[in-house]
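Working notes, beginning with the structure itself.
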Amino acid sequence: METVVIQPSIAVLISLVIAIKAYKRKSLDVTGAVAGFIVMTLHLAISYRFGAVLLVFFFTSSKLTKVGEDKKRSIDAEFKEGGQRNWMQVLSNSGIASVLALAVWRLAGWEDKCLDGKESAVITSLIGGIIGHYSCCNGDTWSSELGVLSDAQPRLITTFKPVRRGTNGGVTLAGLLAAAAAGSVIGLAFVLIGFFTTKCVFDVALKQLLVIPIAALAGLCGSLIDSLLGATLQFSGFCTVRNKVVGKPGPTVKKISGLNILDNNAVNLVSQAEPEASSDCGTQVTEISDAGLQKLKSFDFINSWRKEDINPLQRAFKQATDRGE
């Protein structure tokens with residue numbers, strides 16, 4: 001009963017403070033702050049782990065948006081001071097995860113569940129979907145914000161031909177590495193908070209660690225899918241008047257790539273809904289780790305640690321001493 005009252009109250013307080021500060025720092029406009037407050041409250045009220053991955057995504061992306069602002073201003077025709085985001089951008093980056101979080105709450109209530117397909121494949125897949133979603137979001141954001149600052153020449157993902165900085169679908173090695181790092185940060189946040197909010201048996205606890213590399217892969221995949229959509233379904237052209245890459249055709253715009261079908265918000269939404277594989281993140285953790293745990297169980301000192309709750313180093317030393325080594 002305490003969780004039902006205390007956790008939502010904490011969620012409201014934290015979300016209100018963050019939304020107000022984000023508005024004052026121009027990370028969000030008024031509509032974005034309202035939408036952000038609702039989404040943050042929902043995530044934190046259902047699970048502190050869900051709130052943690054959302055906040056890691058929001059804080060890191062907001063911070064990186066402000067890195068190299070002068071250079072980004074000279075490249076981006078739609079540059080906004082502080083990277084100010086509105087309600088559409090907030091929901092395109094968190095709407096799917098919010099639906100998944102509500103589904104988890106409907107099935108599991110207020111209890112923070114471990115990723116364990118044997119206990120509940122459905123809940124594990126839903127939680128994996130949330131991790132995969134924010135890994136994709138963070139990967140796309142980090143690759144965009146850091147990739148554009150790279151000295152390397154971007155290349156269009158569909159043809160690998162050099163393109164101007166700011167072209168939708170242009171990728172750099174620095175941007176792709178940033179995407180993988182962004183996903184791993186999401187996975188790390190989920191795992192660390194889970195150590196305090198869940199109670200897992202030894203075998204299941206080990207499985208949670210595999211979230212980190214799988215989240216890194218999801219971050220990279222999110223960036224690649226976003227770039228592929230941007231190169232094909234999102235228009236990019238060079239405006240000879242503004243001397244910048246723009247996202248809409250016009251009489252003074254020379255086309256670089258893409259059809260004029262999706263805008264940036266639509267690309268973000270589709271790219272995060274597309275990789276259903278990321279929604280199976282939790283299931284992958286279970287399947288991969290089961291094989292790994294079978295190998296771990298072949299080591300005597302690991303088995304002894306699990307059964308006798310003894311420090312494995314002390315156990316190995318004792319065994320060596322008994323053998324007279």
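- Cluster annotation: Ile96 is connected to Leu107 through the hydrophobic network of ILVMFWY side chains, with a link wherever side-chain heavy atoms come within less than 4.5 Å.
- Between Leu115 and Gly128, the shortest heavy-atom contact is CD2-N, 4.4 Å.
- When only modelled atom types and interatomic distance are considered, Thr141 and Ser61 share no side-chain donor-acceptor pair under 3.5 Å.
- Between Lys248 and Val253 there is no side-chain heavy-atom pair separated by less than 4.5 Å.
- Shortest non-hydrogen contact noted between Val148 and Gly166 is CG2-N, 4.4 Å.
- Not one N or O on the side chain of Gln234 forms a donor-acceptor pair closer than 3.5 Å with the backbone of Asn260.
- In this structure, NZ on Lys113 lies 12.5 Å from OG1 on Thr197, to the nearest 0.5 angstrom.
- Between Ala19 and Ala33, the closest heavy-atom pair is CB-O, 3.6 Å.
- Although no hydrogens or angles enter the test, the distance criterion places a donor-acceptor pair under 3.5 Å between the side chain of Ser143 and the main chain of Asp140.
- Between the side chains of Ser47 and Asp112, a donor-acceptor pair is found at a separation under 3.5 Å.
- Between the CG atom in Asp151 and the CD atom in Gln153 there is a gap of 11.0 Å [rounded to 0.5 Å].
- Counting heavy atoms from C-beta outward, Trp142 and Thr60 have side chains that approach closer than 4.5 Å.
- Hydrophobic clustering keeps Val99 apart from Trp105 (ILVMFWY residues linked when any side-chain heavy atoms are closer than 4.5 Å, directly or through intermediates).
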Thr232 vs Leu259, test: side-chain contact (heavy atoms from CB on, under 4.5 Å). Steps then yes/no.
CA-CA 6 Å; Thr232 55; Leu259 301 175; over 6 Å; no
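- The side-chain hydrogen bond (donor to acceptor under 3.5 Å, both in side chains) test applied to Thr240 returns no partner, not counting sequence neighbours.
- Between Ile10 and Leu44, every side-chain heavy-atom pair lies at or beyond the 4.5 Å cut-off.
- In this structure, Val171 is not a member of the same hydrophobic cluster as Leu229, with clusters built from ILVMFWY side-chain heavy atoms closer than 4.5 Å.
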Show your working on side-chain contact (heavy atoms from CB on, under 4.5 Å) between Leu102 and Ile46 and close with a plain yes or no.
CA-CA 8 Å; Leu102 284 171; Ile46 293 174; 4.1 Å; yes
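- Through side-chain heavy atoms spaced under 4.5 Å, either directly or across other Ile, Leu, Val, Met, Phe, Trp or Tyr residues, Val30 is tied to Tyr23.
- Between the side chain of Ser92 and the backbone N or O of Gln89, at least one donor-acceptor pair lies under 3.5 Å.
- No donor-acceptor contact under 3.5 angstrom links the side chains of Ser62 and Arg25, judged on distance only.
- Counting heavy atoms from C-beta on, the side chains of Ile130 and Phe190 never come closer than 4.5 Å.
- Two rings, from Phe58 and His43, have their centers 6.0 Å or more apart.
- Shortest non-hydrogen contact noted between Arg49 and Ile127 is NH2-CD1, 4.0 Å.
- Within the 4.5 Å cutoff, the side chain of Lys66 has heavy atoms near those of the Ser27 side chain.
- For the residue pair Asn138 and Ala182, the shortest heavy atom distance occurs at ND2-O, 3.2 Å.
- The shortest side-chain heavy-atom distance between Leu262 and Phe235 does not fall under the 4.5 Å cut-off.
- The CZ atom of Phe59 lies 9.0 Å from the CG atom of Leu54; values are rounded to the nearest 0.5 Å.
- Here the CG-CD1 distance, from Leu13 to Ile18, works out to 9.5 Å after rounding to the nearest 0.5 Å.
- Sequence neighbours left out, the pairs with a member in residues 161-173 that pass side-chain hydrogen bond (donor to acceptor under 3.5 Å, both in side chains) are Asn168-Ser236.
- Connection of Ile14 to Val53 is established within a shared hydrophobic cluster, with ILVMFWY side chains joined at heavy-atom distances below 4.5 Å, either directly or through further cluster members.
- Side-chain contact between Leu149 and Lys71: present, with at least one pair of heavy atoms (C-beta onward) separated by less than 4.5 Å.
- Distance CD1/Ile38 to OG/Ser98: 10.0 Å, rounded to 0.5 Å.
- Between Ile157 and Leu224 the shortest side-chain heavy-atom distance falls below 4.5 Å.
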Taking it one step at a time, do Val12 and Phe37 satisfy side-chain contact (heavy atoms from CB on, under 4.5 Å)?
CA-CA 8 Å; Val12 170; Phe37 167 75; 4.1 Å; yes
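- The line from OH of Tyr134 to CD1 of Ile186 is 9.0 Å long, rounded to the nearest 0.5 Å.
- No continuous path of hydrophobic side-chain contacts links Leu146 to Leu176 [ILVMFWY only; heavy atoms under 4.5 Å].
- Contact record, Ala218 with Cys136: O-SG, 3.4 Å, taken as the closest heavy-atom pair.
- No option in Thr31, Asp29, Thr65 other than Thr65 meets the side-chain contact (heavy atoms from CB on, under 4.5 Å) test with Arg85.
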